[in-house]
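Right, one structure below, let's go through it.
Quick note on labels: first sequence line is chain A, next is B, and so on, each numbered from 1.
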Protein chains: 2
Amino acid sequence: MTETKARRRAGRPRVFDTDAALDKAVRLFWQRGYEATSMADLVAETGVAAASLYAAFDNKAGLFAAVIERYAATFSVHLYAPINDPALSTYEAVKGLLERAASSFSEPGTPAGCFMYSAAVAVSPASAAIECLLRDKRIAAEALLIERLQRGAAQGELAANTDPAVLGKFINTVMEGMSVQARDGATINELLSIAKMALDRWPAAI
Amino acid sequence: MTETKARRRAGRPRVFDTDAALDKAVRLFWQRGYEATSMADLVAETGVAAASLYAAFDNKAGLFAAVIERYAATFSVHLYAPINDPALSTYEAVKGLLERAASSFSEPGTPAGCFMYSAAVAVSPASAAIECLLRDKRIAAEALLIERLQRGAAQGELAANTDPAVLGKFINTVMEGMSVQARDGATINELLSIAKMALDRWPAAI
DNA sequence: TACCTTACAGAACGATTATTCAATAATCAA
DNA sequence: TTGATTATTGAATAATCGTTCTGTAAGGTA
């Protein structure tokens, strides 16, 4: 937590709420992707003038980077909470992750699927850096999952012949596929059946 | 097969090879997606003048529609061949599908992943029809897989308590996830391990 | 009060977008 | 050879892209 009573910066104070604007921008990039979202769209949606957005975020790529962090701090934190919950068994943690994916990917109030998986999959060479930002986040999330599975394996929660790295990649793959399914209109119940099937034959220790 | 010696249309004959141009366009849209691929890019890559492309395909959306059919007639046909092969058991067919996905999604000569899953996932409202074209293809492919599983179930190849629709959606989800994994740099061996783990969930009849 | 700093609003920027026009070229049927 | 039809080329179209400039407003500090 930064100090609430922080020294006010000199100059005219910012009038627009940064997080509120980012929340609007998150929805837009989430729905349309990076390249298909124009600065004009962002200005219209946030109600913040273009020059103000540039002053705050440098350029479109900078705004997108801030949007990624905003999404991570809100939606991703909620999605991955079971993985970081020490009270849960490894199986419960993965089950919780997939079930949250099912509900969150099909949540009516937000665009379908996961922002990290849809916002910049295929992109022009000029925006390759943008694609990379999201790819790094995806890879980091997968690593987090694999680490959790490795801890579980170390505590004897997984069958001895199970490779946590492969299992983690598999779970992550199913989740990425669930995002595509959600984009194509899959209901929460369909997503839950998919998650259930992925959890079937869980390689528990004997 | 249309007649080879078809009556020549009146007027100046087309000089550029339509399929060759479409093959180039496939790669471009596959790599960059619909919106991030400009007509200028397509002109540079195919070597065909803009006006000629418009004469042949009406507009960018029409060209993209032709590109979809070209991809379906080449890559998709190869990918789904095991599903349509009556000599294979249901298990062998699905195994063949997933293994072809693993190798084709990581094939060095082509963009990573599957065109149908990456070329237009998040798109501007103006191009919503484009997104729909691909979604319809994805849903049709899933239906094809489910039909194959239903035939297998009817022949007693699946466990009695297995819902072919759920199993098909699960297999399809894994394949969609594998496309994202391939885009993020997964090797063919990693993709094969994922496919293997999905097949471990296979509900064979007792 | 007078500075200094930052943020605002709106117009303007050059570059790029998808698309079309006008002129010419190549084939067929007569 | 003449006319009809279609393709090609290269320039030109209006609209939109991300970005920046200009002038003014709103806060601090002295």
Given B/Val67 and B/Leu28, is the side-chain contact (heavy atoms from CB on, under 4.5 Å) satisfied, shown in steps?
CA-CA 10 Å; B/Val67 158; B/Leu28 224 44; over 6 Å; no
Separation between CD1 of B/Ile130 and CD1 of B/Ile68, rounded to the nearest 0.5 Å
6.5 Å
How many Å lie between [atom1] on [X] and [atom2] on [N], as a whole number?
| X | N | atom1 | atom2 | value |
| --- | --- | --- | --- | --- |
| A/Leu28 | D/dG18 | CG | P | 11 Å |
| A/Phe57 | C/dC8 | CZ | P | 11 Å |
| B/Asp41 | C/dA15 | CG | C1' | 14 Å |
| A/Ile130 | D/dG18 | CD1 | P | 12 Å |
| A/Glu35 | C/dT16 | CD | P | 14 Å |
| A/Leu42 | D/dG18 | CG | P | 8 Å |
| A/Tyr54 | D/dC21 | OH | P | 13 Å |
| B/Met39 | D/dA11 | CE | C1' | 16 Å |

Residues at least two apart in sequence or cross-chain that pass ring-ring contact (aromatic ring centres under 6.0 Å, His included) with A/Phe16, listed by chain then number, are none
Which nucleotide in the list C/dT17, D/dC17, D/dT19 gets nearest to the side chain of A/Ala40?
D/dC17
With salt bridge (Lys or Arg N to Asp or Glu O under 4.0 Å) as the test, pick out the partner of B/Glu142 among B/Lys137, B/Arg148, B/Arg135, B/Lys169.
B/Lys169
Anything under 3.5 Å between a protein N or O and an N or O of nucleotides 8-10 of chain D, put it in a table, one pair a line.
residue, atom, partner, partner atom, Å
D/dT8, OP1, B/Val15, N, 2.9
D/dT8, OP2, B/Ser52, OG, 3.2

Using a 4.5 Å cut-off on heavy atoms from C-beta on, say whether the side chain of B/Arg32 contacts that of B/Asp41.
yes
Name the nucleic acid region contacted by A/Ser127, choosing base, sugar-phosphate or nothing; use a 4.0 angstrom heavy-atom cut-off, strictly under.
nothing
Could you tell me whether A/Thr37 contacts a base, only the sugar-phosphate backbone, or nothing, with contacts defined as non-hydrogen atoms closer than 4.0 Å?
sugar-phosphate
Check: B/Arg201 side chain, A/Ala198 main-chain N or O, donor-acceptor pair, under 3.5 Å
yes
ring-ring contact (aromatic ring centres under 6.0 Å, His included) partner of B/Phe115, chosen from B/Phe105, B/Phe75, B/Tyr34, B/Phe64:
B/Phe64
